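Shown next, in structure tokens, is the structure this report addresses.
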Amino acid sequence: TVLSEKPTTFTITVTSEAGENDETVQTTLKFTYREKYPDETPLYEIVSQDNLDDNDVMDIIKLLEQQAEENLGMVMIFTLVSAVQEKLNEIVDQIKTRREEEKKQKEREAEEEEKQRFHGTPVTIENFLNWKAKFDAELLEIKRKKMKEEEQAGKNKLSGKQLFEMDHNLDTSDIQFLEEAGNNVEVDESLFQEMDDLELEDEEDDPDYNPVNLDSD
């Protein structure tokens, strides 16, 4: 496609042959003749591309630079385009290889991740000591919290006096209990029937008893 005649500027779209799955890669090259062409290399650039990554584009630019220098002094557009055509055919053939490599790489990464998860982190003196220090610190913090909670619970525990001050019904709770019991309180009178049979010592019968001497046994 001719864009202008002064200077002569045109574009050429180059497409690769179909790959394994009928895939193709494509690029559109723009050329501009300089005043002394072909004794000067033409200006060239890639104005569009399909299915090419950045590395492919850079490779094509380098190829154009190399071919232009090698063919300096000769009409070279056909040679440059033919070189790009071959490069695109190589790229489309590499697509299959690239995908296979990407698949293998993902499988290796997944396998390595699985191994890492299964085996865990190897224990060394350094990472064990780091873990131990962290574990001891966490344990100490738990103990401090527990002691603080117990101390707080002790402070919040009310004395008997405080309980009575808060609930005056506690003053009459025992009386209430006895009143509710009424005549239902049972007393075993047999416990008091043989009081006379008990041998109780009188302090006056003690020969060492001396009411005057208070210090006496």
Side-chain angles (χ1 to χ4, degrees), residues 1-139 141:
T1 301
V2 177
L3 303 179
S4 69
E5 293 183 357
K6 292 183 180 181
T8 302
T9 304
F10 55 92
T11 61
I12 298 178
T13 299
V14 187
T15 305
S16 71
E17 296 176 356
E20 185 180 43
N21 298 320
D22 293 330
E23 294 171 312
T24 60
V25 291
Q26 179 176 285
T27 183
T28 298
L29 307 173
K30 178 181 177 182
F31 295 99
T32 301
Y33 289 162
R34 291 197 279 189
E35 184 178 353
K36 295 181 180 181
Y37 174 82
D39 293 328
E40 285 183 311
T41 61
L43 301 175
Y44 48 83
E45 62 180 302
I46 295 177
V47 293
S48 67
Q49 55 85 15
D50 291 326
N51 298 329
L52 294 173
D53 59 29
D54 293 340
N55 290 330
D56 292 331
V57 173
M58 292 300 298
D59 288 343
I60 293 172
I61 293 294
K62 290 178 182 178
L63 177 63
L64 288 170
E65 181 180 355
Q66 177 189 350
Q67 292 294 319
E69 291 295 332
E70 290 179 359
N71 292 276
L72 194 61
M74 296 182 291
V75 175
M76 64 182 73
I77 298 301
F78 178 80
T79 302
L80 297 182
V81 171
S82 297
V84 172
Q85 177 79 58
E86 291 180 5
K87 183 64 177 177
L88 294 182
N89 290 339
E90 291 177 7
I91 292 172
V92 79
D93 290 337
Q94 292 172 355
I95 289 177
K96 178 182 177 182
T97 305
R98 289 179 183 177
R99 287 177 178 171
E100 290 176 351
E101 285 297 325
E102 290 176 358
K103 182 180 179 181
K104 290 180 180 179
Q105 180 63 26
K106 289 180 180 179
E107 289 176 353
R108 285 194 294 267
E109 291 175 355
E111 184 179 351
E112 187 63 28
E113 184 178 349
E114 185 67 21
K115 287 182 179 179
Q116 187 70 16
R117 184 173 61 178
F118 180 77
H119 292 291
T121 303
V123 177
T124 63
I125 294 177
E126 183 179 0
N127 61 26
F128 173 77
L129 292 177
N130 290 336
W131 171 85
K132 184 69 166 55
K134 185 178 178 181
F135 176 79
D136 291 342
E138 292 176 352
L139 188 62
E141 184 63 23

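All of these numbers come straight from a predicted model, not from anything done at the bench.
- Here the closest heavy-atom approach between residue Thr79 and residue Gln67 is recorded as CG2-OE1, 3.8 Å.
- In this structure, a donor-acceptor pair under 3.5 Å is present between the side chains of Glu109 and Gln105.
- For the residue pair Gln66 and Glu70, a side-chain donor N or O sits within less than 3.5 Å of a side-chain acceptor on the partner.
- In this structure, CG in Asn127 is found 7.0 Å from CG in Asn130, a value given to the nearest 0.5 Å.
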**OP:** Take Gln26 and Leu88 through the side chain to side chain contact (heavy atoms under 4.5 Å, CB included) test and state the conclusion after the steps.
**Re:** CA-CA 7 Å; Gln26 179 176 285; Leu88 294 182; 5.7 Å; no
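- Ring geometry for Tyr33 versus Phe10: interplanar angle over 60°, hence perpendicular rather than tilted (30 to 60°).
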Original post:
Run the side chain to side chain contact (heavy atoms under 4.5 Å, CB included) check on Leu29 and Ile46 step by step: do they pass?
Top reply: CA-CA 5 Å; Leu29 307 173; Ile46 295 177; 3.8 Å; yes
**OP:** Applying ring-ring contact (aromatic ring centres under 6.0 Å, His included), run through Phe135 and Phe128 and close with a yes or a no.
**Re:** CA-CA 10 Å; Phe135 176 79; Phe128 173 77; 10.0 Å; no
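- Taken to the nearest 0.5 Å, the CD atom of Gln94 stands 12.5 Å off from the CD atom of Glu100.
- Phe78 has its side chain out of reach of Asn71: every pair of non-hydrogen atoms, C-beta onward, lies at least 4.5 Å apart.
- One distance of note links OG1 of Thr8 with CG of Leu3; it measures 11.0 Å at 0.5 Å rounding.
- Exactly one of Glu112, Lys106, Lys104 qualifies for a side chain to side chain contact (heavy atoms under 4.5 Å, CB included) with Arg108. That residue is Lys104.
- The two atoms that bring Tyr44 and Ile61 nearest to each other are CE1-O, 4.3 Å, heavy atoms only.
- For Glu107, the CD atom sits in a packed shell: over 12 heavy atoms of surrounding residues, nucleotides or ligands are nearer than 6.0 Å.
- Taking a 6.0 Å sphere around CG of Asp39, one finds it holds more than 12 heavy atoms contributed by other residues, nucleotides or ligands.
- The CG atom of Leu52 sits 13.5 Å away from atom CE of Met58, with the distance rounded to the nearest 0.5 Å.
- The two residues Thr24 and Val92 have their closest heavy-atom pair at CA-CG2, 4.1 Å.
- Between the side chain of Ser16 and the backbone N or O of Val25, at least one donor-acceptor pair lies under 3.5 Å.
- Between the OG1 atom of Thr27 and the CD1 atom of Ile12 there is a distance of 11.5 Å, given to the nearest 0.5 Å.
- Across all non-hydrogen atoms, the minimal contact from Met76 to Pro42 is SD-CD, 3.6 Å.
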**OP:** Apply side chain to side chain contact (heavy atoms under 4.5 Å, CB included) to the pair Glu23 and Asn51, showing each step before the final yes or no.
**Re:** CA-CA 9 Å; Glu23 294 171 312; Asn51 298 329; 5.8 Å; no
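- When the shell of 6.0 Å around CD of Glu138 is examined, it contains more than 12 heavy atoms from other residues, nucleotides or ligands.
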**OP:** Would you check, one step at a time, whether the test side chain to side chain contact (heavy atoms under 4.5 Å, CB included) holds for Leu129 with Ile125?
**Re:** CA-CA 6 Å; Leu129 292 177; Ile125 294 177; 3.8 Å; yes
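- Residues Glu40 and Glu35 approach most closely at OE1-N, 3.9 Å, considering heavy atoms.
- Distance alone, capped at 3.5 Å, is enough to place a donor-acceptor pair between the Gln85 side chain and the Thr15 backbone.
- Taking OG1 of Thr32 as the reference point, atom CD of Glu45 lies at 7.0 Å (rounded to 0.5 Å).
- Smallest separation of non-hydrogen atoms from Lys87 and Ile60: CG-CG1, 4.2 Å.
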